[in-house]
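Encoded as structure tokens, the structure appears first; notes follow it.
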Amino acid sequence: MRIGVLGTGSMADALATHWVRAGHDVAIGGRDVHKAEGLARRLGGSAKPAGLRAAAEFGQVVLAALPFGAGASVARELRAVLDSKVLIDCSNPVGPGFRLLTQGGLSAAQQLAAAAPGTHVIKAFNLCHEDVWRMSPPIFDGRPLAVPVCGDDETALALVHQLVRHAGCEPVAGGGLERAGLLEATAAVFIGLWVGEGADVQAIAPPLAYATGPRHEEPEDVEKSFC
């Protein structure tokens, strides 16, 4: 698969490392050519440096490894070359005080979709610190890390699911792109608990067998019990 990466920071480095090792052709795109060249050298293999536009043109799938606030403007600038392509958004619109910056408006992923309307935007890879994505692979207590993926196009989702697996993780269907805001809000809550409180977020949820309670309930009853 040809993958274009927009950005030269930590998330670009962490995820592209897995994909180069998996045998994908990767173009690292950055406004700073020297940074793109440096990252491509570190990645080795098929990785090559490029500008943002060239990386977007190269990729069948494009990773927007950009800070929230920059992503939509870059997508708008590249909307013509991104048309009909898969665009992965891994950003988190989280500000000071672990505040969700998109509250009451479009999610970060939806803002990318609005900036480049012909693009198939997929939300993924936003719930963990960059160093977790550097693990080869991210496995905890014998289980691969589960990665929720949100999007509307089935073909695009299948491609991103493949890339999740090539990062050593297990994709989880997260619903349509309208649910991307829930993933971003989850990240805001989790980061606040991890960083602000030192809390073990995994301890919040019961095991799957107890997710709907210790007794068997009909689906209608389960839905009512969450209201």
Side-chain angles (χ1 to χ4, degrees), residues 1-16 18-20 22-40 43 45-93 101-102 105-126 149-164 166-167 174-181 183-184:
M1 193 185 305
R2 295 192 314 278
I3 302 171
V5 177
L6 307 180
T8 57
S10 298
M11 285 296 289
D13 187 346
L15 292 174
H18 290 291
W19 297 335
V20 168
H24 298 292
D25 295 321
V26 177
I28 302 296
R31 295 194 190 278
D32 187 323
V33 176
H34 297 298
K35 287 184 178 179
E37 289 174 345
L39 178 52
L43 293 173
S46 66
K48 63 180 184 180
L52 290 174
R53 181 171 294 275
E57 289 173 340
F58 175 82
Q60 299 163 272
V61 175
V62 179
L63 171 69
L66 301 164
F68 174 67
S73 62
V74 171
R76 192 173 299 109
E77 179 184 332
L78 301 176
R79 60 184 295 177
V81 294
L82 289 171
D83 190 60
S84 299
K85 297 194 176 191
V86 181
L87 182 62
I88 303 173
D89 174 38
C90 63
S91 70
N92 276 320
L101 299 176
T102 56
L106 293 177
S107 68
Q110 287 174 315
Q111 289 180 33
L112 288 189
T119 305
H120 304 301
V121 176
I122 304 292
K123 187 76 184 187
F125 300 110
N126 74 304
V149 180
C150 292
D152 296 328
D153 184 86
E154 291 301 323
T155 301
L157 285 166
L159 289 173
V160 176
H161 281 204
Q162 182 181 347
L163 293 178
V164 169
H166 287 176
L177 195 66
E178 77 279 357
R179 293 178 65 83
L183 272 186
E184 295 167 8

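In this chain, residues are counted from 1 in sequence order.
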query: If you round to the nearest 0.5 Å, how far is CG of D32 from CG of L39?
result: 11.5 Å
Compile the donor-acceptor pairs under 3.5 Å between side chains in residues 58-73 and protein atoms, sequence neighbours left out, one pair per line.
unit_1	atom_1	unit_2	atom_2	d
Q60	OE1	R2	N	2.6
S73	OG	A70	O	2.8

field: Least distance between heavy atoms, A56 atom then L6 atom
entry: N-CD2, 4.2 Å
Residues which pass salt bridge (Lys or Arg N to Asp or Glu O under 4.0 Å) with E77, listed by chain and number, not counting sequence neighbours: R31
query: Can H18 and H166 be said to form a side-chain contact (heavy atoms from CB on, under 4.5 Å), step by step?
result: CA-CA 7 Å; H18 290 291; H166 287 176; 5.9 Å; no
- prompt: What's the shortest heavy-atom distance between G174 and R179, and which atoms?
  reply: O-NE, 3.0 Å
query: Between N126 and L183, which heavy-atom pair has the shortest distance, and what is it?
result: ND2-O, 3.3 Å
- request: Specify the closest pair of heavy atoms between V5 and A12, including all atoms of both residues, with the distance to one decimal.
  value: CG1-CB, 3.6 Å
query: How far apart are the closest heavy atoms of A27 and A55, and which atoms are they?
result: O-CB, 3.9 Å
- prompt: Is there a side-chain contact between I88 and V160, using heavy atoms and a 4.5 Å cut-off?
  reply: yes
Residue list, salt bridge (Lys or Arg N to Asp or Glu O under 4.0 Å) with D25, at least two apart or on another chain: none
- request: Could you check if a side-chain atom of V20 sits within less than 4.5 angstrom of a side-chain atom of H24, using non-hydrogen atoms only?
  value: no
Can you give me every donor-acceptor pair (side chain of residues 111-125, partner residue at least two apart or in another chain, under 3.5 Å) with its distance?
unit_1	atom_1	unit_2	atom_2	d
Q111	NE2	L106	O	3.1
T119	OG1	L82	O	3.2
T119	OG1	A116	O	3.2
K123	NZ	D89	OD2	2.7
K123	NZ	S91	O	2.6
K123	NZ	E184	OE2	2.8

- request: Please identify each residue that fulfils side chain to side chain contact (heavy atoms under 4.5 Å, CB included) with D152, with sequence neighbours left out.
  value: L177, E178
task: Say whether, by atom type as modelled, one donor and one acceptor occur between the side chain of E37 and the main chain of H34 under 3.5 angstrom.
output: no
Within residues 48-74 or reaching into it, pairs that qualify as salt bridge (charged side-chain N to carboxylate O under 4.0 Å, His left out) - sequence neighbours excluded: none
- line: Nearest heavy-atom contact between S107 and A180 is OG-CB, 3.9 Å
- prompt: Would a 4.5 Å heavy-atom cut-off, applied to side chains only, mark P49 and I28 as touching?
  reply: no
message: If we ignore hydrogens and angles and just use 3.5 Å, is the side chain of W19 paired with the main-chain N or O of V26 as donor and acceptor?
response: no
query: Under a 4.5 Å cut-off applied to non-hydrogen side-chain atoms, are T155 and V86 in contact?
result: no
